[in-house]
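The structure presented is a predicted model; accordingly, all values stated were derived computationally and were not measured. First the proteins, then the strands, lettered A, B, ... as listed; each starts at 1. Note that these values count all heavy atoms, side chains included, but never hydrogens, waters or copies made by symmetry.
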2 protein chains.
Amino acid sequence: MSDPATRNRSRATADMVARTANVSRVAVSRAFNPHASIKPEKRDLILKVAQELNYTPDMAARSMVTGRSHLVGIIVPDVSGPWESQELDAMTTALQAEGFATLLFRTRDDLSLDETLLTYMKGFNPDSVIAYAENVRPTTLARVLDRAVPIYIGYPDEDVGEEEAAPLFDRLDVLQREGIEQAVALMQGYGARRFAFLAGKSNSLATQSREHMVRKVIAERGLPPPIRIQGDYMYDTAYRETLNQFRLGEPVDAIFAANDVGAFGAIDALRTELGLRVPQDVKVVGFDDIHQSHWKSYNLTTVKLDLAERTQALMRLILRRLKNPTSPSLTETVSTRLVVRGTVG
Amino acid sequence: MSDPATRNRSRATADMVARTANVSRVAVSRAFNPHASIKPEKRDLILKVAQELNYTPDMAARSMVTGRSHLVGIIVPDVSGPWESQELDAMTTALQAEGFATLLFRTRDDLSLDETLLTYMKGFNPDSVIAYAENVRPTTLARVLDRAVPIYIGYPDEDVGEEEAAPLFDRLDVLQREGIEQAVALMQGYGARRFAFLAGKSNSLATQSREHMVRKVIAERGLPPPIRIQGDYMYDTAYRETLNQFRLGEPVDAIFAANDVGAFGAIDALRTELGLRVPQDVKVVGFDDIHQSHWKSYNLTTVKLDLAERTQALMRLILRRLKNPTSPSLTETVSTRLVVRGTVG
DNA sequence: AACAGTTTTGCACACGATTTCAATCTAGGG
DNA sequence: CCCTAGATTGAAATCGTGTGCAAAACTGTT
């Protein structure tokens, strides 16, 4: 049985479909391409036969000639984080709706791994790449990946890290000022005077920008500068460092956390270990508005990054860039706003 | 400039590296294949030139000739769920360490979407597929994917759904009896007599198996059969349905939840809305042991599915199957155990 | 220096699709 | 019935890589 049509290979090919339907292989290709010109009845026949043979075009082969892999690489430092997984969920859903599959990579905190990982990823020829990892710098991304145009997530309220933002990149600008102003105003309105900022990983651009803006807004309102509590976005660290701050350092009126999970850690430290009440004794505000923030045990007042808005903006950037690879750089803007729940007033 | 070597294409190819290094293209291929025979000095030269040219072998082209895509498809119903994202994180890390990239897909609850999604995924030729989605049945998987051998996750304590487990599949057997026995014993020891089982999505095999086993163990200990509270693994539903049970139905001593997130919803309903104390008035046990379960506000006693153990078992199945595609079906077994925290005694 | 045995090399083909281009078919008006 | 514009068709080239096979180069032994 050397006849390729009868050889029982593991996967049906266009050739087999063509043989079975008595058409040319080219016709099979056309039947699966909506824009190709082929007689409708012929297409229907081919599609029917294809289904019977359980045939699907091979993306690898297709990708070689079209130059489109229909893959979008996503790089995340910790998939299991609530915010990260919720964003990954939204992006995967949106990408899937546009016919892309998500190629997922996880970074270690180890910076040196970056190049290896990016080089490896590049082998898959992703049509686009989204790096949520704070340790993957867009300049590195641009250097290693030659086809994709990275999306730079910027915080134009402040000029943190702007040196990296060459005009070459597409940008997603996040306006954090509004949400932060509302949060500080609310806490001050309920009597808070002595603030702490519970930071995230210190190499995180998002954290740096948030801290910058929080300090600025607090200063503008004539309040003393906030005390800095070093965290890393994780619950356990936030819990421990909050404890340290109140036991060894100076207690505060209000805690502004760089993310919601950190806020949970702070709240639990205050309530469980220090016997303080939230919000009566200490007010707490978080950042992100993850699903868990409305859980009744926390019921956290937090600055919301609108996930749907953010996802749509990213999709617009990706799709426009794919449609016109040589167009000048694009920018989308999303904003933040305070979601008021029970941890302030 | 029609010379392909000088044409400034977006991506370096093996040809360009060969031209630049004055070697044959085959040599380049061998330089990147650890098992190929090539003079060491030559390999070093090629790798150096390749790095300068920022060259990486094209996985699509490689996949066509080797038949290995180095992709593993993962199908998840909701990436943002804590358990799902934690398992996805662990699997992605493990796969990456073995040289595989994760190809992520998300299902809707809509069952009809399955075939379309699977057919689409098949186009990428994944070397293996892991479907965590309860609505993707292994028989469907086996029919649509022709190369991969699905892994069937079974619960041999009970015979729920066994009709689907053809001997054709590789299996991961989860022994739930031990953890459940410990949990029921602990709650009974602290005086619980009237149980409720807070179920997950009813089409979930895991839930059916857990409920079966919980009922059996409770019966064996001479306790009245548990009341059923219908949930769907989500916080909000658990919260609402627990409220309904206590307000409109019959109160209970103890709640055994089908997953941790559901347990959180139940706890918050009891404490916040019903004014009951956990564990003094009602004991609560969950299932999974996600990161959030040790957060102090919940401090949940729960039946642990060991993620590391589970991930390693899955990796063994995948790797052995890939090494020997025709070997008879394999089985790995993992067990469960109770993690005692503060919601029982 | 000749020989056998091993390592290294490169040609040519295969993998499974898309796309160009010239040839063929179809429809409709004169 | 003929002619032309437009719609379909299929042969051949192409994408970037791995591999079988025969030839060449190298190794060390007598």
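Considering only residues two or more places apart in sequence or on other chains, B/E87 meets the salt bridge (charged side-chain N to carboxylate O under 4.0 Å, His left out) condition with B/R310. When the side chain to side chain contact (heavy atoms under 4.5 Å, CB included) test is applied to B/T20, the partners found at least two apart in sequence or on another chain are B/V49, B/L53. Under the side chain to side chain contact (heavy atoms under 4.5 Å, CB included) criterion, A/L319 pairs with A/E98, A/F100, A/M315, not counting sequence neighbours. Residues satisfying the side chain to side chain contact (heavy atoms under 4.5 Å, CB included) criterion with B/N54, sequence neighbours excluded, are A/K122, A/V144, A/D146. Under the rule for a salt bridge (charged side-chain N to carboxylate O under 4.0 Å, His left out), B/R62 has no partner lying at least two apart in sequence or in another chain. Residues satisfying the ring-ring contact (aromatic ring centres under 6.0 Å, His included) criterion with A/Y55, sequence neighbours excluded, are A/F32.
Without hydrogens or angle criteria, B/Q96 side chain to A/R106 main chain gives a donor-acceptor distance under 3.5 Å. Using modelled atom types, one side-chain atom of A/D89 and one backbone atom of B/V79 make a donor-acceptor pair closer than 3.5 Å. Although no hydrogens or angles enter the test, the distance criterion places no donor-acceptor pair under 3.5 Å between the side chain of A/R68 and the main chain of A/S63. Within the 3.5 Å criterion, the main-chain N or O of B/D15 finds a donor-acceptor partner in the side chain of B/T13.
Contacts with DNA chain C (heavy atom under 4.0 Å) in residues 49-58 of chain B: none are found. Near DNA chain D, meaning a heavy atom under 4.0 Å away, the residues from residues 20-29 of chain A are A/S24, A/R25, A/V26. Using a 4.0 Å cut-off on heavy atoms, the residues of residues 32-45 of chain B that approach DNA chain D are B/N33, listed by number.
Counting only residues at least two apart or on different chains, no salt bridge (Lys or Arg N to Asp or Glu O under 4.0 Å) pair has a member in residues 23-42 of chain B. Sorted by first then second residue, the side-chain hydrogen bond (donor to acceptor under 3.5 Å, both in side chains) pairs that include residues 314-328 of chain B, not counting sequence neighbours, are B/D170-B/R321, B/R316-B/E332, B/R320-B/E332, B/N324-B/T326.
Rounded to an integer number of Å, the gap from B/K122 NZ to C/dA17 P is 10 Å. Atom C1' of nucleotide D/dG18 and atom CZ of B/R62 are separated by 9 Å, given to the nearest angstrom. Computed from coordinates, the B/D15 CG to C/dG10 P distance equals 13 Å when rounded to whole Å. In this entry the distance linking CZ of A/R19 with P of D/dG10 reads 14 Å, nearest Å. Here the C1' atom of nucleotide C/dA17 and the CZ atom of B/F124 are 14 Å apart, to the nearest Å. In this entry the distance linking CE of A/M59 with C1' of C/dA17 reads 12 Å, nearest Å.
Between A/F124 and A/F105, the ring planes lie tilted relative to each other; the angle falls in the 30° to 60° range.
When the nucleotides D/dG20, C/dT19, C/dG16 are ranked by their closest atom to the side chain of A/M64, C/dG16 comes out on top.
In this model, no side-chain donor or acceptor of B/R68 finds a partner on the base of D/dG18 within 3.5 Å.
Within the helix from C/dA1-D/dT30 to C/dG30-D/dC1, the inter-axis angle between the opening and closing five-pair segments is 40°, rounded to 10°.
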